[in-house]
Amino acid sequence: MLTRRTALLGAVTAAAVAGAPRVSFAQTPTGPFKLDPLPYPANANEPHIDARTMEIHHDRHHAAYVNNLNTAAKDHPTLGTTPLQDLLAKLNEVPESVRTAVRNNGGGHANHSMFWQIMGGKGGKPTGDVAAAIDRDLGGLDKLQNDFNAAGGRVFGSGWVFVTVTKDGKLAIETKPNQDTPLMDGKRVLMGNDVWEHAYYLLYQNRRPDYLKAWWNVVNWDKVAERYAAAKAGTLTI
Ligand SMILES: [Fe+2]
């Protein structure tokens, strides 16, 4: 029989669960590296990228990279006090015992932090300086999209396709395997797309080209323009 006390406890437990933050399980990172929340609701990129994919991708995959990075930093506290872009640019100076962990998880943390920022938009066309740079260096938006999608389609297995940006504002398309990033070559990333299957499998299964094409509908060109300006000002980090 349900007593008043157990009924109350049950109500409290149910309320606690209902009110619990969405990212409240064991994967919530603790340590010097932080997982920022998505800058928009998980369904903001629908119908092109479904909310469930966004939740799993951010709350589990990205969280795991941050957790693993924090684990590496436990025995090597200077990792946690060095800017991530500097760690990645000088992997050869990272202690050998954690170098691979920093490469994979630090790369994953940087790549995904950039990725969330530049989505949640409505696609369309860039304007202003970044549009002019795309015309000048990449042959215009249509050619950028075709070349970027083709490069992303050619990545064998898991990896990323990026547009890199120099301090002079020059753009180039580049791919990397796994969680590697142009930051590891001391470069800066204007924008990039994740072609790991975890980024698209629920909605697109093996149809990576369809995902690559649809992804442009959620690009936030205002954010990309901000990153372009920051790159030229020398303040773009990851
Ligand atoms: Fe990913």
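Quick note: residue numbers are just sequence positions, from 1.
Residues Asn70 and Lys74 form no side-chain contact, since every pair of their non-hydrogen atoms from C-beta on lies 4.5 Å or further apart. A 4.5 Å side-chain heavy-atom check between Glu55 and Arg60 finds every atom pair outside the cut-off. The shortest distance between side-chain heavy atoms of Met119 and Met54 falls below 4.5 Å. Contact of the His62 side chain with the His109 side chain is registered, since non-hydrogen atoms from C-beta on lie closer than 4.5 Å. Looking only at side-chain heavy atoms (C-beta outward), Phe162 and Lys187 stay at 4.5 Å or farther from each other. Using a 4.5 Å heavy-atom cutoff, the side chains of Leu87 and Val94 are in contact. Contact annotation: the side chain of Trp160 never approaches that of Asp180 to less than 4.5 Å [non-hydrogen atoms, C-beta and beyond]. The shortest distance between side-chain heavy atoms of Lys122 and Val218 does not fall below 4.5 Å.
Asn220 places no side-chain N or O within 3.5 Å of a backbone atom of Gly120 that could act as its donor or acceptor partner. Asn105 places no side-chain N or O within donor-acceptor distance of the main-chain N or O of Val102, the cut-off being under 3.5 Å. Under the 3.5 Å distance criterion, the side-chain polar atoms of Asn43 are left unmatched by any main-chain donor or acceptor of Glu46. Between the Lys34 side chain and the Gly31 main chain, a donor and an acceptor come within less than 3.5 Å of each other.
The pair Asp185-Lys176 counts as a salt bridge, with a side-chain nitrogen and a carboxylate oxygen less than 4.0 angstrom apart. Salt bridge Glu96/Arg99: absent, no basic N to carboxylate O contact under 4.0 Å.
Checked against the 6.0 Å centroid criterion, the rings of His58 and Trp116 qualify as a close aromatic pair. Taking the six-membered ring for Trp, Tyr228 and Trp221 have ring centres at least 6.0 Å apart.
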Return all side-chain donor-acceptor pairs below 3.5 angstrom for residues 188-200, not counting sequence neighbours, or 'none' if the list is empty.
| from | atom 1 | to | atom 2 | distance (Å) |
| --- | --- | --- | --- | --- |
| Arg188 | NE | Leu236 | O | 2.8 |
| Arg188 | NE | Thr237 | O | 3.4 |
| Asn193 | OD1 | Tyr211 | OH | 2.7 |
| Asp194 | OD1 | Trp196 | N | 2.9 |
| Asp194 | OD2 | His57 | NE2 | 2.9 |
| Asp194 | OD2 | His112 | NE2 | 3.0 |
| Asp194 | OD2 | His198 | NE2 | 3.3 |
| Trp196 | NE1 | Asn178 | O | 3.0 |
| His198 | ND1 | His61 | ND1 | 3.3 |
| His198 | NE2 | His57 | NE2 | 3.0 |
| Tyr200 | OH | Arg208 | NE | 3.2 |

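Atoms NE2 and OG1, on His76 and Thr82 in that order, are 12.5 Å from each other to the nearest 0.5 Å. A distance of 14.0 Å separates CG of Asp222 from CZ of Arg227, quoted to the nearest 0.5 Å. Rounded to the nearest 0.5 Å, atoms CG (Asp129) and CD1 (Ile134) are 11.0 Å apart. Between the CG atom of Leu171 and the CG atom of Asp135 there is a distance of 10.5 Å, given to the nearest 0.5 Å. With values rounded to the nearest 0.5 angstrom, Asp137 atom CG is found 10.5 Å from Ile173 atom CD1.
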Subject >> side-chain hydrogen bond (donor to acceptor under 3.5 Å, both in side chains) between Asp50 and Thr53, worked out >> reply: CA-CA 5 Å; Asp50 59 292; Thr53 293; 2.7 Å; yes
Original post:
Given Trp215 and Phe148, is the ring pair (Phe, Tyr, Trp, His ring centres under 6.0 Å) satisfied, shown in steps?
Top reply: CA-CA 11 Å; Trp215 177 79; Phe148 185 96; 5.7 Å; yes
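Val161 approaches Ala151 most closely through the heavy-atom pair CG2-CB, 4.1 Å. Between Tyr204 and His48, the shortest heavy-atom contact is OH-O, 2.6 Å.
Taking a 6.0 Å sphere around CZ of Arg103, one finds it holds 12 or fewer heavy atoms contributed by other residues, nucleotides or ligands.
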